[in-house]
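Each chain gets a letter, A, B and so on, in the order the sequences are listed, and its residues count up from 1.
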There are 2 protein chains.
Amino acid sequence: MKSKITITEIAEKSGVSVSTVSRVLNNSPSVSPKKRERIQQVIDEYGYTPSIFARGMINHKTKNIGVILPDITNPYFASLFLQVESFALKNNYATLLFNTMFSRNADRYDETIAEEDYFKIILEKQVDGVLILGGQIDKEDVPASFVEALNQLHRQVPVVIMGSKIEGCSCLFVERNLKQGVTSLAHHFIALGHERIGFVGGEPGIRITTSRIEAFTQSMKALGQTVQPSYIVPSDYYAPDGYEAMIQLLDSNSDRLPTAVIAMNDMVAIGALRALKDRGLSCPEQIAIASCDQFQQSDYSIPRLTSMDQHNDYLGRMAVLQLISAINGSDETISLNHSPELIVRESCGAANKR
Amino acid sequence: MKSKITITEIAEKSGVSVSTVSRVLNNSPSVSPKKRERIQQVIDEYGYTPSIFARGMINHKTKNIGVILPDITNPYFASLFLQVESFALKNNYATLLFNTMFSRNADRYDETIAEEDYFKIILEKQVDGVLILGGQIDKEDVPASFVEALNQLHRQVPVVIMGSKIEGCSCLFVERNLKQGVTSLAHHFIALGHERIGFVGGEPGIRITTSRIEAFTQSMKALGQTVQPSYIVPSDYYAPDGYEAMIQLLDSNSDRLPTAVIAMNDMVAIGALRALKDRGLSCPEQIAIASCDQFQQSDYSIPRLTSMDQHNDYLGRMAVLQLISAINGSDETISLNHSPELIVRESCGAANKR
DNA sequence: TTGTAGGCGTTATCAT
DNA sequence: ATGATAACGCCTACAA
């Protein structure tokens, strides 16, 4: 591998001092146009790139940010991350990605590193900021030790968390609207004449699950409907979880099935759809389905899924914006302005079939 | 943000010289146990971490690798990357991820950076190695200028490409077995008694598409079957593409439909399934489907998808292994030993329904 | 086993 | 507008 050329050599080859070269490198105005041009030419010719190491020694910046999330394989995180990465790059930040695999099925992976350990690793990488997209922060009760770890991390480098504010945590937060989606869905179903509505998916003890179930219950009550506890079956966020939850819901209510079910997200909905099929139930005719969080292929499932578009792209970009402004020393909180949007397709039974 | 403590301060606080501290930092044996312990204690107490900048000035290593792929939102790349990231981390390398968005629908994104430009950016990040998982390298005819860019990059830092060897390219390659999957599928269908078999999906001009279509045609011929050209409809790799391709296949062969269709991957298959449904055709009864590349939810679609498990986990880890060994100066090529595995489910019509 | 000192490639400060 | 030079934090001969 080629040994890199240094600023000193560039200076020699262009017959100036290193300071002058440094000036053109950093767009300092006080360089005569002719010299600037000559130096730039030499730089290009040799393909010179300043050493981030030497630079870092001075300004302590890497222009890298660290992103921590549980599992990039999850379409929710993938779509969020895609925005984060490209938006960050547009602002000259590159992105270090860490999958913590924090989840119930973490045991699929031989050796799970604790989320706190990632903080140490990421700190050693000397990133300019950290973005946390999910994991322990989503817990209903975040362990005090974890909050402490977060605070300690934030003392070293700006930390932005995509999620609900955590008591006693000094990091910056970008808060999603957790409830509005379910509420819209409940209203939608009720407007369609449903009275027996269920809810499947979401890991118990996780904020988004609790919030959504709560919002679901609330809006049902507000509209004078009762909610059968056995109609609510949390599990987790993936297709197998939706499948199991739906099977359980069906089996424990075989005498009086719901006519509509809200799923935590599209993967859960797909599992649920599968469960209905396996039980010989048709969707939407016998049981309608809708999901709170739309992923890529909602438009191609059988039946097509009615879901909420949570505008994750927007959220991802906002999170980066917040992080960059924090890196640049601003302490102002960026406020979000997003409402999930109902996308009606076939599975809720409201659309005319194609 | 807290100013970091330096090795000098650690030395002072433990009453030794910086070199001794440096020795314990680098596990040099020649330090007396008592001093070593005392120093370690001070290090822990102050949470000292050596500056990667200062270190990098000496050894020119970041312990970071760069990964370039088109779109992390694509389950194929996501599952590959997950393995790459966690396996790299296990070997003390962190991962910088870049989505080039190289694809036909790249126009969805406002401002597309050319893949070559990523090379420059990634080089400036001073990564220890680069892993390329997809993009232009997958083209049937890689532009000479791109090969040149690859070679130039490889001159600076080890580059491992996940894909077929490119003429004139000096990078290291980890080659997947592109054809075996389709061949198995073709044999499977023929064994089930199918004679009219089609193929949908894959972008034309991309190696994997060409190879698979070629392998498909070959094995059909070898088994004495003819292949109707109109039964082969490439398009792209996502669900909408599978949908369109299948619609086109059906419309242009309405007098004599195939009885089985091989899809490029699971997303394409899901689109194809949707197309069948919309045309009132049942799967697998009227047209059977199978896919060459299994993704996460094959087990939950309606019907469940018969697919090939390409063992992407294994491939991802091998690629990292190859990269790390190259970083460490080895020039030996790691050879792969993987065969895609047929997973029979419902869509091919071979399984007994559950 | 331990300490001293030089150098890695930049930027910043201070002269000129 | 330009140049000399001192940091920056660490590693590594070399010396003791």
Working for ring-ring contact (aromatic ring centres under 6.0 Å, His included), residues B:Phe98 and B:Phe119: CA-CA 10 Å; B:Phe98 299 86; B:Phe119 294 172; over 10 Å; no
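B:Ala11 approaches B:Val18 most closely through the heavy-atom pair CB-N, 3.7 Å.
Partners of B:Lys120 under the side-chain contact (heavy atoms from CB on, under 4.5 Å) rule, at least two apart in sequence or in another chain, are B:Glu124. In terms of the salt bridge (Lys or Arg N to Asp or Glu O under 4.0 Å) criterion, A:Glu37 has no residue partners (sequence neighbours excluded). Under the rule for a side-chain contact (heavy atoms from CB on, under 4.5 Å), the partners of A:Ile52 that lie at least two apart in sequence or sit in another chain are B:Thr62, B:Gln126. Among residues two or more places apart in sequence or in another chain, the salt bridge (Lys or Arg N to Asp or Glu O under 4.0 Å) test is passed with B:Arg317 by none. Looking at residues two or more places apart in sequence or on another chain, you find no salt bridge (Lys or Arg N to Asp or Glu O under 4.0 Å) involving B:Glu12.
A rotation axis mapping the C1' atoms of four pairs onto the next four is fitted at both ends of the helix from C:dT1-D:dA16 to C:dT16-D:dA1 over five pairs, and the angle between these axes is 40° to 10 degrees.
Mapping heavy-atom proximity under 4.0 Å, the span of DNA chain D touched by chain A runs 5' to 3' from D:dA1 to D:dG9.
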Acceptor/donor pairs from residues 324-334 of chain B side chains to any protein atom, 3.5 angstrom cut, sequence neighbours excluded:
from     : atom 1 : to       : atom 2 : distance (Å)
B:Ser325 : OG     : B:Gln322 : O      : 3.2
B:Asn328 : ND2    : B:Ile324 : O      : 3.3
B:Ser330 : OG     : B:Glu332 : N      : 3.1

Which atom pairs, one a donor and one an acceptor, fall under 3.5 Å between side chains of residues 22-29 of chain B and the rest of the protein, sequence neighbours left out?
from    : atom 1 : to      : atom 2 : distance (Å)
B:Ser22 : OG     : B:Asn26 : ND2    : 3.4
B:Asn26 : ND2    : B:Ser22 : O      : 2.7
B:Ser28 : OG     : B:Ser30 : N      : 3.4
B:Ser28 : OG     : B:Ser30 : OG     : 3.2

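Taking a cutoff of 4.0 Å between a charged side-chain nitrogen and a carboxylate oxygen, A:Arg155 and A:Glu148 qualify as a salt bridge.
Only A:Asn26, listed by number, bring a heavy atom of residues 24-36 of chain A to less than 4.0 angstrom from any atom of DNA chain C.
Between A:Tyr48 and B:Val18, the residue anchored closer to the 5' end of DNA chain C is B:Val18, taking for each the nucleotide with the nearest heavy atom.
Within a 6.0 Å radius of CG in A:Asp44, more than 12 heavy atoms belonging to other residues, nucleotides or ligands are found.
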Strictly under 3.5 Å: I want the nitrogen or oxygen pairs between protein and nucleotides 6-8 of chain C, one per line.
none

Identify all pairs in which a protein N or O lies below 3.5 Å from an N or O of nucleotides 13-16 of chain C, and state each distance.
none

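For A:Tyr76 and A:Phe81, the ring centers sit 6.0 Å or farther from each other.
Side-chain N or O atoms of B:Lys125 include one that pairs as donor or acceptor with a backbone N or O of A:Lys63 at under 3.5 Å. With B:Ser14 contributing its side chain and B:Ile10 its backbone, the two residues share a donor-acceptor pair below 3.5 Å.
Put simply, CD1 on A:Ile39 is 14 Å from P on C:dT10, counting in whole angstrom units.
Rounding to the nearest 0.5 Å gives a distance of 9.5 Å between CZ of B:Phe77 and CE of B:Met162.
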